[in-house]
Protein chains: 2
Amino acid sequence: MLRLSKRADYALMAMKHLAVNGPLRAASTREISQAYDIPVELLAKVLQRLARAGLLTSQQGIHGGYQLSRPAPQISVAEVIEAIDGPLTMTACSEVDESCDQYSRCNVRDPLWRIKKRIVSALSESSVADLAADSAVSSPVMFHSPGREATVGTGQ
Amino acid sequence: MLRLSKRADYALMAMKHLAVNGPLRAASTREISQAYDIPVELLAKVLQRLARAGLLTSQQGIHGGYQLSRPAPQISVAEVIEAIDGPLTMTACSEVDESCDQYSRCNVRDPLWRIKKRIVSALSESSVADLAADSAVSSPVMFHSPGREATVGTGQ
DNA sequence: CAATCCCCGACTGGTTTAGTCGTATTTTAG
DNA sequence: CTAAAATACGACTAAACCAGTCGGGGATTG
């Protein structure tokens, strides 16, 4: 539960890469995929989605590539995730979506909605610039996490 | 992304039900499943997991059922979710888990970890009692949420 | 005109999840 | 003492979802 999809992960890595490597230079899909060992075709789709969502600008042609469409501090992590995985929803019956039959009798909608707001805040308040502020390549941090795992993320 | 599994949802609904219907009375799987229209066998598994995790006490026999093992304010939403879906992890390479090959070069681990901490806080700070504080049956709240959806949840 | 890039949709295989089924064990009412 | 009502547990199925792949375009530039 609460897991980020790989695609969203890739998206964030790419956004950080683009933020760090200057807003001047355009980076190609291939360059980024090699830098982080991401399958090219998959990353390509991710970058295309980000471009379609307006978070990146693309330039075709021999020296083309992608650039951030806005300054890094003005792009939130939430935006990136939503561009890839769609709206952030915590439950099946998110808000209006009447696709929950049983949820007419559901008793936890409102409290969960409050929690969701806090999560969305956390994601909205951190920007791509914040990602880039950390060391370019993160240092290893280690814990133990055995067995089943609930994930926090964009819901793959 | 960020979606809660149905099972986790059911777990929270059941926990609230048990919190509201007094810590005195034991509620059976059947009673809860009927109250919220949840498939009995599925709910049964969920409740058994909660019991095994120590969040519920169970009593077999003709007038058996489940009760909260602790006062509702002392049971966090995070505990419930983790009992069902396992540890809250945001990324594949959560903390120690070296199961990410490429993530040796990953550049967003640390910043994401910080975000994860905020999310875990949000989930740890709300208790089952908070869930129960809302109206027993939540009032309809409506937004629009079209198309793809990122989910906030226990990661499955 | 050819290389290098972006663009887009369709497809496949594996994993996960929701939900089911069957069987055993415990408790209690009669 | 036995039948009913519960929990306990594990194996199974079907559907959804996701990661990753493939193939065919179109744009830009040397």
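Numbered from 1 within each chain, the chains take letters A, B, ... in sequence-line order.
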Quick one: list whatever passes side chain to side chain contact (heavy atoms under 4.5 Å, CB included) with [X], sequence neighbours left out.
{"X": "A:Thr57", "value": "A:Gln67, A:Ser69"}
{"X": "A:Glu79", "value": "A:Leu55, A:Arg70, A:Ile75, A:Ser76"}
{"X": "A:Ala14", "value": "A:Ile32, A:Leu43, A:Leu47"}
{"X": "A:Ser121", "value": "A:Glu125"}

Query raised in the report: When you measure from the side chain of A:Ser58, which nucleotide among C:dG19, C:dC6, D:dG20 comes out closest?
Result: C:dC6

Report summary line: Ranking D:dG20, D:dA19, C:dT28 by distance to the side chain of A:Ser5, first place goes to D:dA19

Would you say the side chain of [Y] lies within less than 4.5 Å of the side chain of [X], judging by non-hydrogen atoms?
{"X": "B:Tyr36", "Y": "B:His17", "result": "yes"}
{"X": "A:Ile115", "Y": "B:Asp130", "result": "no"}
{"X": "A:Leu56", "Y": "A:Met15", "result": "yes"}
{"X": "A:Ser5", "Y": "A:Tyr10", "result": "no"}

Query - Donor-acceptor pair (no angle test) under 3.5 Å: B:Gln60 side chain, D:dT7 base - result: yes

Query - salt bridge (Lys or Arg N to Asp or Glu O under 4.0 Å) contacts in which one or both residues fall within residues 18-30 of chain B, not counting sequence neighbours - result: B:Arg25-B:Glu31

Donor-acceptor pair, distance only, cut-off 3.5 Å: does the side chain of [X] make one with the backbone of [Y]?
{"X": "B:Lys116", "Y": "B:Pro111", "answer": "no"}
{"X": "A:Asn21", "Y": "A:Leu18", "answer": "no"}
{"X": "B:Lys16", "Y": "B:Val128", "answer": "no"}

What N/O pairs connect the protein and nucleotides 13-15 of chain C at under 3.5 Å? Give each pair on its own line.
none

Using whole Å, what does the distance between atom [atom2] of nucleotide [N] and atom [atom1] of [X] come to?
{"X": "A:Arg49", "N": "C:dC6", "atom1": "CZ", "atom2": "C1'", "value": "16 Å"}
{"X": "B:Leu50", "N": "D:dA8", "atom1": "CG", "atom2": "P", "value": "11 Å"}
{"X": "B:Leu47", "N": "D:dA5", "atom1": "CG", "atom2": "P", "value": "19 Å"}
{"X": "A:Leu42", "N": "C:dT12", "atom1": "CG", "atom2": "C1'", "value": "14 Å"}
{"X": "A:Leu43", "N": "D:dC22", "atom1": "CG", "atom2": "P", "value": "17 Å"}
{"X": "A:Gln59", "N": "C:dC7", "atom1": "CD", "atom2": "P", "value": "11 Å"}
{"X": "B:Lys6", "N": "C:dT20", "atom1": "NZ", "atom2": "C1'", "value": "15 Å"}
{"X": "B:Leu4", "N": "C:dA18", "atom1": "CG", "atom2": "C1'", "value": "14 Å"}

Query raised in the report: Counting just side-chain N and O atoms, does B:Arg52 come under 4.0 Å of either OP1 or OP2 of D:dC9?
Result: yes

Report task. Using a cut-off of strictly less than 4.0 Å, decide whether B:Arg7 has a side-chain nitrogen or oxygen near OP1 or OP2 of C:dT16. Result -> no

Report summary line: What one should report as the nearest heavy-atom pair of B:Ala53 and B:Ala83 is CB-CB, 3.7 Å

Report summary line: Here the pair of heavy atoms bringing A:Leu88 nearest to A:Ala78 is CD1-CB, 4.3 Å

**Report entry** DNA chain C contacts made by residues 25-32 of chain B, counting heavy atoms under 4.0 Å
**Finding:** none

Query raised in the report: Near DNA chain D, under 4.0 Å by heavy atom, which residues of residues 61-71 of chain A?
Result: A:Gly61, A:Ile62

Using a cut-off of under 3.5 Å, enumerate the N/O to N/O pairs linking the protein to nucleotides 21-23 of chain C.
none

